[in-house]
Number of protein chains: 2
Amino acid sequence: MKKETRKEQIIQTSAKLFKEKGYAAVTMRDIAKSLDIKAASLYNHISSKQDILKMIIISIAEEFTNKMLEIYSSEVSTIDKLQSIIALHIDIAYKNPYKMASLNSDWMHLEEQLKYYLELRKSYENNFRDIIKKGVSAGEIQNKNIEVTLFSILSTLRSLYLWIPQKEDLNPKELTKNLSEILIDGIRKH
Amino acid sequence: MKKETRKEQIIQTSAKLFKEKGYAAVTMRDIAKSLDIKAASLYNHISSKQDILKMIIISIAEEFTNKMLEIYSSEVSTIDKLQSIIALHIDIAYKNPYKMASLNSDWMHLEEQLKYYLELRKSYENNFRDIIKKGVSAGEIQNKNIEVTLFSILSTLRSLYLWIPQKEDLNPKELTKNLSEILIDGIRKH
DNA sequence: GTCTATAAGCAGATAGAC
DNA sequence: GTCTATCTGCTTATAGAC
């Protein structure tokens with residue numbers, strides 16, 4: 001029932017190319033060629049190359065920030081919140097493997113929206129940090145260096161997009177379970 | 001006693017700029033401007049922009065692969081090997097925060113050396129995977145999905161360069177201890 | 001909605017003077 | 001070792017025909 005518009009095609013195709021070579025190295029001719037049209041025709045649907053990047057990154061960044069706030073505000077244990085965050089990252093990465101690459105690697109090429117993007121990211125990270133801090137206070141999380149704890153988990157979650165598309169034998173549900181166990185309880189056998 | 005040559009200056013300055021904007025978005029004029037010379041003067045020291053990228057990436061990639069082979073071949077427990085790998089990443093990231101960015105984000109812009117780089121990375125990852133597998137067999141590591149286990153640790157280690165330069169209050173020794181504990185034993189308090 | 005033609009500027013790299 | 005001048009080709013984007 002739902003028809004993919006030309007504009008959506010352009011965004012998806014661009015995201016795929018941006019993942020392979022990065023925003024700066026992809027030309028409007030590259031994008032057009034992937035769609036079997038000429039570069040000039042792109043401008044009937046989008047206003048500029050920057051416009052494409054903006055549409056790829058901002059929607060995903062807003063989704064992360066909004067969902068993080070929901071998790072932060074929910075009244076469950078810290079461990080449950082962490083599991084929800086892990087599930088959130090896996091869900092978005094499965095649905096948007098290409099856009100995730102731009103979010104992680106091409107955000108610095110944003111122009112007008114750069115400041116807004118950085119605010120979204122800051123909000124996300126602050127809420128994440130605070131969840132961990134409250135977990136330490138509540139005796140659920142070990143009292144290690146907060147930044148190292150945050151960084152360690154976040155690095156893995158942010159890198160998911162690099163890794164998910166290759167392992168299609170692993171479904172999101174099982175990956176969420178595996179990854180939660182490893183990130184929360186480690187890998188050592190006792 | 002040791003004097004930094006112009007060539008070394010060019011490589012360091014380029015690495016710093018590549019970290020900020022990525023290889024493709026940095027021009028020879030940008031690099032020259034950072035060194036207060038003209039773009040044409042760069043070519044007296046290096047042969048091309050590609051040449052700079054090659055020198056940044058390959059030396060670090062070889063160091064990782066060689067040191068990983070040493071760790072792999074050493075006769076210590078799996079946990080000790082993992083701690084050595086963590087220490088290796090922290091050591092290299094502290095010494096080369098800019099070059100690490102190119103290694104992680106600009107390797108796809110390598111031309112003649114791309115195949116060689118991919119071989120080095122493959123060798124590194126295969127040895128890492130095998131260390132984990134042997135740890136499972138020896139009963140030191142939990143029998144979870146090997147790829148998830150490998151990916152989780154490697155993502156954190158590969159992202160260190162994004163995070164280390166900002167936290168200069170944390171010394172390498174302490175970071176190694178903290179990160180080892182978190183990656184190996186998790187964050188949950190029992 | 002796509003095309004051809006083209007503008008205006010920037011890219012990497014070289015030649016040759018000093 | 002650095003400079004100025006310059007080549008050649010590629011970049012994003014627009015104008016206007018169909």
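Below, read A as the first sequence line, B as the second, and so on, with proteins coming before strands; counting in each chain starts at 1. Since this is a predicted model, take the numbers as computed values, not measurements.
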Handout entry: Between B/Glu62 and B/Tyr116, a side-chain donor and acceptor under 3.5 Å
Key = yes
Practice task
Using only heavy-atom distances, determine whether the side chains of A/Asp130 and A/Tyr72 contain a donor-acceptor pair under 3.5 Å.
Solution key: yes
Fill in the blank from the handout: Of D/dT12, C/dT14, C/dC3, the nucleotide closest to the side chain of B/Ala40 is C/dT14
Practice task
Find the distance B/Asn44:CG to D/dC3:C1' and express it as a whole number of Å.
Solution key: 11 Å
Handout entry: Contact under 4.0 Å: A/Ser41 side-chain N or O vs C/dC3 OP1/OP2
Key = yes
Completion exercise
B/Lys7 NZ to D/dT2 C1', in whole Å, measures 18 Å
Practice task
Would you kindly give the NZ-to-P distance between A/Lys38 and D/dT12, to the nearest whole Å?
Solution key: 15 Å
Problem - Separation of D/dT2 C1' from B/Gln9 CD (nearest whole Å) - result: 14 Å
Exercise for the section: To the nearest Å, give me how far apart CZ (A/Arg29) and C1' (D/dA13) are. Expected result: 10 Å
Practice task
Tell me which nucleotide among D/dG1, C/dT2, D/dC3 gets nearest to the side chain of A/His45.
Solution key: C/dT2
Problem - For atom NZ of A/Lys49 and atom C1' of D/dT11, their distance in whole Å - result: 9 Å
Handout entry: Donor-acceptor pair between B/Ser34 and B/Thr13 side chains, under 3.5 angstrom
Key = no
Practice task
Specify the separation, in whole Å, of atom OH of B/Tyr43 and atom C1' of D/dA5.
Solution key: 15 Å
Exercise for the section: May I ask you to decide whether B/Arg129 forms a salt bridge with B/Glu147, counting only side-chain N to carboxylate O separations under 4.0 Å? Expected result: yes
Handout entry: Given C/dT14, C/dG12, D/dT12, the nucleotide with the shortest approach to the side chain of B/Met28
Key = C/dG12
Problem - Whole angstrom value for the distance that separates C1' of D/dC10 from NZ of A/Lys21 - result: 12 Å
